[in-house]
K.L.:
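I have a structure here, written as structure tokens, and I will follow up with some questions on it.
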Amino acid sequence: MDLRETDSERAFRDEVRAFIASNLPKDLKEKSEVGQRLTVEDGQRWHKILASKGWGAPGWPKEHGGCAWDHSRQYIWEEEMAMGGCPPLSPFAVKMVGPVIMAFGTAEQKARFLPPAVSGEHLWCQGYSEPNAGSDLATLRTMAVQHGDKYVVNGMKIWNSYGHKADWMFALVRTSTAGKTQEGITVLLIDMKTKGVSHRPIITIDGAHILNEIRFENVEVPVANRIGEENKGWTYAKYLLGNERALIAQIAQSTKLVRRIKEVGAKELSNGQGVIEEADFRSKLAAIEVELEALRVTNQRVLFEARTGTAGNGGAILKSKGTFISQALSELMLEAVGYYSSPWVLEQFDPGWNEKPIGPSHAKNAMPLYARQRANTIEGGTEEIQKNVIAKQVLGL
Ligand SMILES: Cc1cc2nc3c(=O)[nH]c(=O)nc-3n(C[C@H](O)[C@H](O)[C@H](O)COP(=O)(O)OP(=O)(O)OC[C@H]3O[C@@H](n4cnc5c(N)ncnc54)[C@H](O)[C@@H]3O)c2cc1C
């Protein structure tokens with residue numbers, strides 16, 4: 001297995017880097033450089049700029065408006081995007097529902113939903129989890145009953161990211177209670193503006209409104225919005241979850257965070273020296289960097305397996321290790337900014353609040369980042385579930 005970048009991959013990296021340097025809007029770059037939270041709107045704005053270059057869906061085939069890049073190019077693209085400070089793109093359309101529509105959707109569904117996914121016009125959300133169906137997803141109870149050419153949906157989804165902003169949801173609903181729980185599940189594409197869809201915000205510990213409870217009260221969904229066959233949704237849902245897990249490895253984001261920790265750690269804190277001068281801190285950072293390098297190689301191996309058709313269950317390994325690394329780095333960032341990580345009022349970092357700006361500019365986001373990264377243990381399948389998958393499907397226990 002040769003993991004070195006080829007000449008043409010290096011040339012591709014240069015092309016992506018040059019495009020980002022001349023096209024990423026200045027305000028987004030500045031936000032990213034001071035570690036400010038990049039919003040879903042920032043991501044959509046950037047997505048539209050990429051789409052105008054023809055880069056809206058890197059991994060998709062050309063016939064559906066994609067770039068048809070291989071895994072290595074997609075990885076290079078993602079690495080350059082993170083290192084260049086680009087807003088992350090919403091994964092729901094391009095990485096999650098899009099491939100499912102391509103694989104299992106009708107010709108009409110492909111024509112209707114794929115172009116606005118590539119262009120960044122439609123924002124999607126994922127309606128899987130319910131109050132009593134998370135890890136054990138197949139026990140979900142949101143019911144869809146068919147009346148003529150419509151399903152009538154009643155029930156509730158929870159921990160739904162961006163449902164309050166999304167145009168569309170890909171939802172798992174129950175269409176049968178007969179047989180095994182997995183056998184009565186169907187995938188529906190639900191227009192979030194349909195009468196009877198409502199949301200209640202869930203504010204997370206980092207102070208953000210990303211998550212929601214979504215309620216469906218007699219929501220009418222055309223049968224034409226069903227993906228594939230009725231009661232076969234579990235197969236389509238599993239196809240999508242594999243993609244989701246590989247997404248949460250966050251290798252490029254962690255690489256960028258290492259760089260920021262070094263910058264912030266080199267700055268003078270109130271005790272007269274940057275924390276990077278301390279041997280203990282340096283040794284902790286070095287240990288995580290070694291883990292990150294190992295993850296990068298593991299990722300290359302998973303990509304190589306995908307290229308050569310020998311794919312294993314790399315997604316669970318990438319998710320588990322990637323979570324550990326990103327969380328450890330967010331802790332080191334807290335150490336790097338010292339007591340500036342817990343200000344009494346966040347505005348103390350804003351220009352004009354104090355006579356002179358205080359603390360390193362990254363400090364404002366250090367605690368929200370730390371808090372946000374805790375959720376990586378849970379989203380996209382919890383750590384325990386990943387360990388179960390690794391034990392059974394990778395180690396064969
Ligand atoms: C930030 C964030 C964003 C999310 N976004 C979305 C979204 O957009 N759409 C969506 O549908 N969902 C979303 N989720 C929900 C997420 O997928 C679920 O939280 C996750 O699947 C776990 O389900 P649960 O919360 O019901 O926990 P539970 O399944 O109730 O688990 C509780 C605890 O029990 C452990 N456990 C459960 N089963 C086992 C087992 N068999 N063996 C060992 N331990 C076990 C778990 O590891 C966990 O520690 C999001 C979650 C978070 C945190």
Side-chain angles (χ1 to χ4, degrees), residues 37 39-40 43 88-97 100 122-142 153 155-174 181-182 185-190 192 197 199-216 233-234 236-248 250 253 315-316 319-320 322-324 326-327 330 368-393 395 397:
R37 193 198 307 276
T39 63
V40 71
L89 304 183
S90 168
F92 297 114
V94 171
K95 297 218 167 153
M96 296 167 87
V97 74
V100 172
H122 281 176
L123 186 65
W124 283 82
C125 69
Q126 176 184 31
Y128 276 27
S129 309
E130 296 184 5
N132 290 305
S135 304
D136 198 4
L137 189 58
T139 58
L140 64 93
R141 288 193 299 202
T142 293
V153 180
M156 182 176 161
K157 297 288 172 184
I158 197 166
W159 314 124
N160 164 275
S161 304
Y162 299 112
H164 56 306
K165 299 198 169 171
D167 304 295
W168 286 89
M169 170 191 279
F170 51 96
L172 295 184
V173 294
R174 181 156 300 286
T181 49
Q182 287 87 344
I185 292 173
T186 296
V187 177
L188 291 183
L189 308 181
I190 301 179
M192 293 299 279
V197 179
H199 77 270
R200 193 180 71 81
I202 302 173
I203 306 299
T204 39
I205 195 171
D206 56 347
H209 174 200
I210 289 171
L211 299 182
N212 301 279
E213 250 180 41
I214 306 280
R215 281 180 191 274
F216 301 104
W234 191 244
Y236 317 137
K238 279 196 301 187
Y239 179 83
L240 192 146
L241 277 179
N243 291 339
E244 183 180 7
R245 281 173 193 162
L247 282 174
I248 307 178
Q250 299 195 34
Q253 291 86 341
K319 204 234 152 183
S320 175
T323 294
F324 164 76
S326 65
Q327 291 180 339
S330 71
L369 175 75
Y370 169 81
R372 172 63 188 82
Q373 299 298 63
R374 302 301 97 192
N376 290 356
T377 308
I378 304 165
E379 64 190 308
T382 67
E383 179 61 14
E384 289 78 9
I385 296 300
Q386 305 314 307
K387 294 258 165 73
N388 285 351
V389 171
I390 294 167
K392 279 195 204 134
Q393 294 174 20
L395 303 175
L397 299 175

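Both counts, for ligands and for their atoms, begin at 1 and track the order of listing. We're numbering straight along the sequence, starting at 1.
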K.L.:
Using distance alone, decide if ligand 1 has a nitrogen or oxygen within less than 3.5 Å of any nitrogen or oxygen in Arg372.
P.N.:
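Not met; the criterion fails.
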
K.L.:
Does Glu130 reach ligand 1 with a nitrogen or oxygen that is under 3.5 Å from one of the ligand's nitrogen or oxygen atoms?
P.N.:
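Such a contact does not occur with ligand 1.
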
K.L.:
Does Tyr370 have any ring pair (Phe, Tyr, Trp, His ring centres under 6.0 Å) partners at least two apart in sequence or in another chain, and if so, which?
P.N.:
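Partners of Tyr370 under the ring pair (Phe, Tyr, Trp, His ring centres under 6.0 Å) test: none.
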
K.L.:
Heavy-atom count around Trp159 CH2 within 6.0 Å, excluding the residue itself: above 12?
P.N.:
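Not buried by this count: 12 neighbours or fewer within 6.0 Å.
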
K.L.:
Answer yes if the side chains of Thr142 and Glu130 hold a donor-acceptor pair under 3.5 Å, and no otherwise.
P.N.:
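A pair is found: one side chain offers a donor N or O, the other an acceptor, under 3.5 Å apart.
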
K.L.:
Donor-acceptor check, side chain of Arg141 to backbone of Pro131, threshold 3.5 angstrom: yes or no?
P.N.:
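Checking the backbone N and O of Pro131 against the side chain of Arg141, no donor-acceptor pair under 3.5 Å is found.
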
K.L.:
If you measure from each non-hydrogen atom of Thr382 to ligand 1, which part falls under 4.0 Å: side chain, backbone, both or neither?
P.N.:
side chain

K.L.:
Considering the heavy atoms of Tyr128, write down every atom of ligand 1 situated less than 4.0 Å from one of them.
P.N.:
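Those qualifying, in numeric order: 11 (O).
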
K.L.:
Any idea which atoms of ligand 1 are less than 4.0 Å away from a heavy-atom of Ala375?
P.N.:
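Every atom of ligand 1 under 4.0 Å from some heavy atom of Ala375: 1 (C), 53 (C).
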
K.L.:
Please list, in number order, the atoms of ligand 1 under 4.0 Å from a heavy atom of Leu211.
P.N.:
2 (C), 3 (C), 4 (C)

K.L.:
Polar-atom distance check: Asp136 versus ligand 1, any N or O pair below 3.5 Å?
P.N.:
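Among all N and O atoms of Asp136, none is under 3.5 Å from an N or O of ligand 1.
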
K.L.:
Can you find an N or O of Gln126 that's nearer than 3.5 Å to an N or O of ligand 1?
P.N.:
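Yes, there is a polar N/O contact under 3.5 Å.
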
K.L.:
Taking salt bridge (Lys or Arg N to Asp or Glu O under 4.0 Å) as the definition, give me every residue that meets it alongside Arg200, ordered by chain and number, with sequence neighbours left out.
P.N.:
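Scan of Arg200 (salt bridge (Lys or Arg N to Asp or Glu O under 4.0 Å), adjacent residues dropped) gives Glu213.
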
K.L.:
Using a 4.0 Å heavy-atom threshold (strictly under), name the region of Ile210 that reaches ligand 1: side chain, backbone, both or neither.
P.N.:
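No part of Ile210 is near ligand 1 at this cut-off.
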
K.L.:
Can you list the ligand 1 atoms lying under 4.0 Å from a non-hydrogen atom of Asn388?
P.N.:
40 (C), 41 (N), 42 (N), 43 (C)

K.L.:
Check the pair Arg372, Glu379 against salt bridge (Lys or Arg N to Asp or Glu O under 4.0 Å), reporting the backbone distance first and the verdict last.
P.N.:
CA-CA 11 Å; Arg372 172 63 188 82; Glu379 64 190 308; 2.9 Å; yes

K.L.:
Is the number of heavy atoms from other residues, nucleotides or ligands within 6.0 Å of CD1 (Ile205) greater than 12?
P.N.:
no

K.L.:
Looking at Ile385, which atoms of ligand 1 are within less than 4.0 Å of one of its heavy atoms?
P.N.:
38 (N), 39 (C), 40 (C), 41 (N)

K.L.:
Can you give me the closest heavy-atom contact between Gly163 and Ile214, atom names plus distance?
P.N.:
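The pair with the smallest heavy-atom distance is CA-CD1, 4.1 Å.
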
K.L.:
Out of Met169, Glu384, Gln386, who gets a non-hydrogen atom closest to atom 44 (N) of ligand 1?
P.N.:
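Checking each option, the heavy atom nearest atom 44 (N) of ligand 1 is found in Glu384.
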
